Amino acid sequence: MNTLTDSAFTHQPLAARMRPSCLMEYVGQQHLLALGKPLRTSLDAGRLHSMIFWGPPGVGKTTLAHVMANSAQAEFYALSAVSAGVREIRGLVEQAKNNLTLNKKTVVFIDEVHRFNKSQQDALLPHVEDGTFILLGATTENPSFELNNALLSRVRVYVLKPLSVEEMHTLLLRALIDKEKGLGLLAADIAEEALIWISQWAEGDVRRGLNLLEWAADARTDDQPISLAQVQELAGEKRGFFDKGGDIFYEQISALHKAVRGSSPDAALYWLARMLEGGCDPLYIARRVVRMASEDIGNADPRGIQLALNAWDTQERLGSPEGELTLAQAVIYLACAPKSNAVYSALKAVKKTIQEQPHYSVPDHICNAPTKL
């Protein structure tokens with residue numbers, strides 16, 4: 001079996017080695033980068049503007065920033081919002097001003113830009129506005145919630161999507177045969193069914209897919225093709241994507257709520273299981289299920305709220321996984337129950353009325369027992 005020498009390979013992970021350097025090598029995000037799309041046209045012309053890439057991990061946000069800087073022949077500087085502060089920003093501003101005197105563009109890439117606080121974001125504003133540097137930011141969180149309006153008004157937000165199974169398959173195959181940056185020198189062969197399985201298992205995350213492919217190649221003990229069973233064993237138990245307090249967290253609980261509201265028990269059970277498998281606190285779900293019973297079922301079936309409370313109580317008493325069965329029972333019951341938001345709407349309306357009108361006194365005839373006074 002062939003081995004890789006230090007001179008032929010670096011010690012970087014496969015995902016880092018396979019990072020494309022030009023737009024022709026970039027795979028995915030065709031809704032932004034297909035010929036004729038505005039962003040693609042700007043890149044082909046070498047014109048960059050400040051922008052934020054919003055998308056889940058491993059979809060190519062950092063890679064696209066590198067590709068853009070290369071296409072514009074700009075100096076590229078990377079900051080991590082986790083460790084960088086105003087001092088580092090000031091240093092880059094000085095460097096960018098020096099580049100301007102040499103007629104060079106400067107691209108400042110900030111990973112996890114949502115972690116910048118208000119003062120750090122404010123420090124970027126004048127330099128983005130006057131063109132001292134071009135800001136490229138990457139975030140996994142909704143920029144509308146995490147970034148200042150002042151900064152958002154100076155950048156364009158682009159939404160990046162997980163790669164399709166076909167796109168992932170293309171990247172994995174490229175990594176497998178590439179002899180310069182990939183696994184080509186290992187002469188590692190893989191069964192097509194295993195390659196397809198990895199393409200699906202990665203769920204659009206390039207880093208995740210390439211990591212598993214590299215682990216499988218490293219774990220070979222003979223010259224036989226890597227089998228489906230081998231990659232499944234290396235992958236271990238599949239865990240769903242779930243980020244407590246992040247966008248995916250709120251998207252999934254919203255999906256569960258809407259499935260119940262839309263009377264779809266299959267969808268409701270699916271999203272419940274996705275959240276539980278992803279590590280969500282079952283008691284959090286239990287509290288939300290009680291809210292669903294009150295908000296969406298209401299007096300159309302008063303038993304719904306009692307069943308939801310019983311499920312919450314059972315989860316607290318039994319814990320997981322036994323208690324999760326009662327959560328499933330409650331979710332399916334609520335999804336199948338008749339719906340009425342009359343109480344929710346009425347209470348909301350009367351609160352609005354109270355806020356808009358004077359606080360009237362209680363009429364005499366319904367006051368507390370009258371006295372001589």
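Since the model is a prediction, treat every value here as computed from it, not as a measurement.
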Practice item. Output yes when R17 and E214 qualify as a salt bridge under the 4.0 Å nitrogen-oxygen rule, no when they do not. Key: yes
Point to revise | Minimum side-chain heavy-atom gap V108-I134 below 4.5 Å | key: no
Practice item. Using only heavy-atom distances, determine whether the side chains of N98 and E94 contain a donor-acceptor pair under 3.5 Å. Key: no
Exercise for review: Using the rule that two of Ile, Leu, Val, Met, Phe, Trp, Tyr join whenever any of their side-chain heavy atoms come within less than 4.5 Å, decide whether L125 and V157 are in one cluster.
Suggested key: yes
Check your understanding: How long is the gap from CD on E322 to CZ on R317, to the nearest 0.5 Å?
Key -> 15.0 Å
Practice item. Supply the atom-to-atom distance I332 CD1 to L327 CG, rounded to the nearest 0.5 angstrom. Key: 11.0 Å
Review point. Do K97 and T132 have side-chain N/O donor and acceptor atoms under 3.5 Å apart?
Key: no
Review point. From H127 NE2 over to F133 CZ, what is the distance, rounded to the nearest 0.5 angstrom?
Key: 6.0 Å
**Study point:** Exercise: identify the closest heavy-atom pair between S254 and K258
**Key:** OG-NZ, 2.7 Å
Review point. Should V159 and L151 be counted in the same cluster of Ile, Leu, Val, Met, Phe, Trp and Tyr side chains packed under 4.5 Å apart?
Key: yes
Point to revise | Pairing of E356 and K352 as salt bridge, 4.0 angstrom limit | key: yes
Practice item. State the CZ-CH2 distance between R208 and W201, to the nearest 0.5 angstrom. Key: 4.5 Å
Check your understanding: Do you know the tightest heavy-atom contact between F109 and G137?
Key -> CE1-C, 4.4 Å
Practice item. Taking all heavy atoms of A268 and all of A335, pick out the closest pair and write down the distance. Key: CB-CB, 4.3 Å
**Study point:** Verdict with reasoning, M275 to I253, per side chain to side chain contact (heavy atoms under 4.5 Å, CB included)
**Key:** CA-CA 8 Å; M275 296 187 75; I253 193 64; 3.8 Å; yes
Exercise for review: Would you please test Q73 and K105 for side chain to side chain contact (heavy atoms under 4.5 Å, CB included) and show each step?
Suggested key: CA-CA 7 Å; Q73 297 181 335; K105 299 176 184 177; over 6 Å; no
**Study point:** Members besides W312 in its Ile/Leu/Val/Met/Phe/Trp/Tyr cluster (side-chain heavy atoms under 4.5 Å)
**Key:** L283, V290, I305, L309
Check your understanding: Can you name the side-chain contact (heavy atoms from CB on, under 4.5 Å) partners of V165, sequence neighbours left out?
Key -> S199, Q200
**Study point:** Summary of salt bridge (Lys or Arg N to Asp or Glu O under 4.0 Å) pairs that have at least one residue in residues 156-171, sequence neighbours excluded
**Key:** none
Exercise for review: Output the distance between atom NZ (K61) and atom OG1 (T139), rounded to the nearest 0.5 Å.
Suggested key: 8.0 Å
Review point. Does the side chain of N117 pick up a donor-acceptor pair with the side chain of S119 at under 3.5 Å?
Key: yes
Check your understanding: Where do L163 and V59 come nearest, in terms of heavy atoms and distance?
Key -> CD1-O, 3.9 Å
Check your understanding: Distance-only, no hydrogens or angles: does the S153 side chain make a donor-acceptor pair with backbone N or O of A150 under 3.5 Å?
Key -> yes
Exercise for review: Under the side chain to side chain contact (heavy atoms under 4.5 Å, CB included) rule, what do F116 and I89 come out as? Steps first, then yes or no, please.
Suggested key: CA-CA 11 Å; F116 265 4; I89 296 173; 3.8 Å; yes
For a quick test of your reading: what N or O donor-acceptor pairs under 3.5 Å do the side chains of residues 18-27 make, sequence neighbours left out?
residue : atom : partner : partner atom : Å
R19     : NE   : T63     : OG1          : 3.1
E25     : OE1  : S21     : N            : 3.2
Y26     : OH   : G60     : O            : 3.0

Review point. H257 and Q252: side-chain donor and acceptor closer than 3.5 Å?
Key: no
**Study point:** Sole residue of F53, F76, Y77 in ring-ring contact (aromatic ring centres under 6.0 Å, His included) with H66
**Key:** F76
Check your understanding: Without hydrogens or angle criteria, can the side chains of Q357 and T353 be said to hold a donor-acceptor pair below 3.5 Å?
Key -> no
Check your understanding: Where do L269 and V331 land on the side chain to side chain contact (heavy atoms under 4.5 Å, CB included) test, with the steps shown first?
Key -> CA-CA 7 Å; L269 187 61; V331 163; 5.6 Å; no
Review point. Any chain of hydrophobic side-chain contacts (each under 4.5 Å) joining L234 to L195?
Key: yes
Check your understanding: Are any side-chain N or O atoms of D178 and backbone N or O atoms of K181, one a donor and one an acceptor, separated by less than 3.5 Å?
Key -> yes
Exercise for review: Heavy atoms only: give me the nearest T140-P56 pair and the separation to one decimal.
Suggested key: CG2-C, 4.3 Å
Check your understanding: Any link between V128 and L100 through a network of hydrophobic side chains (Ile, Leu, Val, Met, Phe, Trp, Tyr) touching at under 4.5 Å?
Key -> no
Exercise for review: Mind listing the closest non-hydrogen atom pair of Q29 and L160 along with its distance?
Suggested key: OE1-CA, 3.3 Å
Check your understanding: Is the CG atom of N149 crowded by more than 12 outside heavy atoms at less than 6.0 Å?
Key -> no
Would you mind writing out the side-chain donor-acceptor pairs for residues 35-46 within the sub-3.5 Å range, not counting sequence neighbours?
residue : atom : partner : partner atom : Å
R40     : NE   : D44     : OD1          : 3.2
R40     : NE   : D44     : OD2          : 3.1
R40     : NH1  : L33     : O            : 2.8
T41     : OG1  : K37     : O            : 3.1
S42     : OG   : P38     : O            : 3.1

Practice item. Look at the side-chain heavy atoms of Ile, Leu, Val, Met, Phe, Trp and Tyr, link any pair under 4.5 Å apart, and say whether Y284 and M292 land in one connected group. Key: yes
Check your understanding: OG1/T314 to CG/L325 distance, rounded to the nearest 0.5 angstrom?
Key -> 9.5 Å
Practice item. May I have all residue pairs that pass salt bridge (Lys or Arg N to Asp or Glu O under 4.0 Å) and include part of residues 296-307, sequence neighbours excluded? Key: R261-D296, D301-R303
